[in-house]
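Structure, as structure tokens:
Everything quoted here is computed from the prediction, not taken from an experiment. All residue numbers refer to positions in the sequence shown, counting from 1.
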Amino acid sequence: MTADIDHTGTGTPPGATDRPTGPWHDTTLTPEARADALIAAMTLQEKTAQLFGVWVGASDEGGEVAPFQHDMEEAVDLDALLPHGLGQLTRPFGTAPVDPAVGALSLARTQERITGANRFGIPALAHEECLAGFATWGATAYPVPLSWGATFHPELVREMAAAIGRDLRSVGVHQGLAPVLDVVRDARWGRVEETIGEDPYLVGTVAAAYVRGLESAGVVATLKHFAGYSASRAGRNLAPVGMGGRERADIILPPFEMAVRESGVRSVMHAYTDTDGIPSAADGPLLTGLLRDVWGFEGTVVADYFGIAFLKTLHGVVASYGEAAAAALGAGVDVELPTVKTFGRPLADALAEGLVPEALVDRAVRRVLVQKAQLGLLDAEWSPVPPALAEAGSADPEALRGTVRLDTAGNRALARRVAEEAVVLLRNDGTLPLAADPPAEAPARIALIGPNADTPTAVLGCYSFPVHVGGRHPGTPLGIALPTLREALAAEFPHSEIVTVPGAELDGPATGGFGEALELARGADLVIAALGDRAGLFGRGTSGEGCDAEDLELPGVQQQLLDALLDTGTPVVVTLLAGRPYALGRAADEAAAVVQAFFPGEEGTRAVASVLSGRTAPSGRLPVSVPRHPGSQPSTYLAARLGHASEVSRVDPTPAFGFGHGLTYTTFAWSDLVVEHEQAPTDGEFALSCTVRNTGGREGTEVVQVYLHDPVASVVQPVQRLIGYVRLDLRPAEAARVRMTVPAELASFTGREGHRIVEPGALELRLGASSTDTRLTARVTLTGPVRRADHTRRLHMGVTTEHLTDSP
């Protein structure tokens with residue numbers, strides 16, 4: 001490599017020999033001791049410089065990064081900033097298309113400049129988006145988080161996150177801004193695709209697994225958005241949140257608590273929203289009192305982009321940016337992202353005026369420097385050269401171009417597995433699977449009709465690079481292979497003739513294409529209706545950030561097209577590539593089959609095709625309810641009795657397909673429920689077991705879901721809520737005995753006094769295939785006094801499974 005980048009990783013940056021040395025370089029000390037020693041040697045300006053980032057874009061020529069200008073920020077003068085140091089680099093790979101190897105070289109040279117400019121040689125921490133894979137050009141586009149939830153398979157999500165983390169770390173990225181732990185409260189919200197589902201237990205278990213995977217690769221995971229962003233009024237993005245403390249405590253916060261307690265997460269991002277008038281960025285009881293003092297979180301709290309400035313511009317709770325900096329820093333925000341706006345000159349002025357005690361700066365910078373020490377960024381032998389470049393052995397941008405692959409065969413295989421397990425079969429009258437053995441039994445002529453039939457990006461969410469950034473660079477190749485549904489079906493059904501027409505634009509008003517579509521449908525043996533969403537930002541799509549919906553009718557005239565296809569009499573298989581659930585009208589009862597895939601990523605169309613053919617057995621379950629009526633929102637399965645259908649309202653929120661629902665190509669029998677003790681004290685536990693047997697002729701997956709129903713409680717409760725689940729993969733005739741230990745603490749809730757309690761009384765433990773399909777019910781009773789439960793309570797039931805003989 002060239003002289004300014006030593007690819008061996010043992011060189012010293014320019015000027016390093018003139019720098020002060022001290023205990024902060026001593027790797028035998030704890031990160032905390034190293035941070036304290038460094039803070040003691042730093043000036044106030046050097047300390048505050050560690051508390052903000054600069055939004056940059058890597059150079060596709062291999063030069064240093066360039067500051068990225070945004071309409072919400074002023075120009076940044078790096079020459080003025082860097083002598084004091086820099087806390088973070090914002091999205092060097094995710095701002096514009098750049099070859100991964102050349103981008104890594106650009107980042108390395110920038111880090112060399114940063115370390116060479118500041119007195120202590122401290123590098124910046126680089127962060128990127130990784131909501132559905134590393135959001136950079138040429139990286140694997142995995143399924144969106146809503147698909148993670150549909151798998152009900154945390155271990156698979158952990159494996160995926162570890163792969164994402166390895167790719168991030170290989171090119172010099174230290175922090176990933178994922179996962180999203182917002183619980184869906186209104187499916188009209190545009191960011192539903194970014195969430196894991198509408199149940200806090202499912203969200204918590206899957207998100208914690210993602211964090212464990214990312215952190216296992218040495219990448220700092222970031223929980224977001226803390227807390228309540230998804231509970232905005234009317235499902236509008238960045239709208240006020242009016243929920244009460246009990247909803248916040250029992251629905252919104254549990255996933256964050258689970259992740260903080262169990263995953264090793266090292267960063268949390270505050271939410272944009274204000275709840276009952278208190279903005280999250282200035283909520284000290286939330287960011288410090290609960291997160292740190294109660295839950296024991298020790299990492300960094302970072303701002304959602306421009307969120308500190310929003311205290312002035314959107315929330316109106318401060319009069320200046322200096323006051324915004326003081327409010328956020330005092331509440332517990334440590335790092336301003338994406339760029340310096342309030343923690344620069346405004347914070348310096350606030351410090352000089354006495355609005356902010358220096359102790360708050362020391363508190364925040366200590367957390368930042370501890371993290372940098374953990375990442376090796378304070379080590380004397382630290383090198384700016386990331387692993388991918390260390391292996392390349394060159395610093396020539398043209399020689400490096402194309403040498404770093406972020407979409408490997410292993411990544412694609414993993415993306416395929418996640419996509420396959422996330423496909424949900426909602427309805428099937430026996431039409432699916434289409435091709436048994438031999439393949440010639442597949443339909444002779446398939447009419448593939450719909451706006452998502454031949455659109456490569458129909459499988460991608462809003463935060464995938466080709467959608468999030470690529471749209472601003474129309475001449476740039478996608479960087480990854482995105483087979484369309486037409487191409488995937490043609491490969492899956494080589495003996496079938498597949499004829500394709502869009503029929504309508506995805507969100508357009510025109511019905512002029514219906515005629516050709518209906519003619520094709522009448523002449524086919526089968527219709528596959530390819531419907532759904534187009535991801536985009538701030539109104540440029542039908543799903544994604546800022547793409548909120550007025551109701552849950554399919555965008556544009558897709559429902560009219562679907563109804564017209566049903567009228568042809570040809571069997572219709574509805575295939576949805578979407579970012580949220582939609583009401584399907586007549587199709588929920590009349591379609592031959594309905595297959596739901598929530599933006600399943602680059603291997604998504606192949607996964608869908610393999611489920612249609614039966615080569616892959618469907619095993620996904622709904623992480624969100626599918627409404628029967630488009631206007632019955634907001635509604636989730638976590639509703640109290642008054643939230644369900646009644647004779648005193650004409651609005652019926654009953655779903656067409658409930659949370660947890662998903663069909664298979666086989667059948668299962670549930671039997672032999674045994675409850676070892678029907679009573680337990682409020683500090684005890686119940687033990688129960690049952691047998692699940694595959695009674696069909698195909699291998700399949702059943703997901704045993706355990707719901708808690710509390711008939712009488714001192715405050716109103718949801719009719720039922722998920723407290724545990726387990727996936728069972730069973731061969732024909734194979735059975736498994738599932739034993740569950742249910743701690744009484746899983747029945748806890750926030751009582752009238754605002755404390756979490758476990759009450760005595762009767763309970764039902766409902767074992768079901770979904771929230772609307774209970775198979776077995778255990779009636780049990782808690783005895784003894786009301787008991788307080790705190791953050792040390794057990795969060796999971798214990799589960800063991802024993803596979804039995806293959807014969808009944």
Are [X] and [Y] linked by a side-chain donor-acceptor pair shorter than 3.5 Å?
X    : Y    : result
Y463 : E545 : yes
Y725 : T205 : yes
E421 : H153 : yes

Below 4.0 angstrom, N of the basic side chain to O of the carboxylate: do [X] and [Y] qualify?
X    : Y    : result
R185 : E198 : no
E420 : R417 : no
D551 : R188 : no
R580 : D186 : no
R615 : E492 : yes

Side chain proximity check, F599 to L460, heavy atoms < 4.5 angstrom = no
Assess whether ring-ring contact (aromatic ring centres under 6.0 Å, His included) is satisfied between W189 and Y229, documenting all intermediate values.
-> CA-CA 10 Å; W189 190 47; Y229 188 23; 5.0 Å; yes
Assess whether side chain to side chain donor-acceptor pair (under 3.5 Å) is satisfied between T542 and D507, documenting all intermediate values.
-> CA-CA 7 Å; T542 60; D507 56 347; over 6 Å; no
Where do T616 and S610 land on the side chain to side chain donor-acceptor pair (under 3.5 Å) test, with the steps shown first?
-> CA-CA 5 Å; T616 295; S610 70; 2.9 Å; yes
Go through the steps for Q558 and E553 under the test side-chain contact (heavy atoms from CB on, under 4.5 Å), then give the verdict.
-> CA-CA 9 Å; Q558 291 184 80; E553 184 174 29; over 6 Å; no
Hey, does the side chain of S632 reach the backbone of V651 with a donor-acceptor pair shorter than 3.5 angstrom?
-> no
Knowing that exactly one of L426, D773, V626, L425 qualifies, which makes a side-chain contact (heavy atoms from CB on, under 4.5 Å) with H661?
-> L426
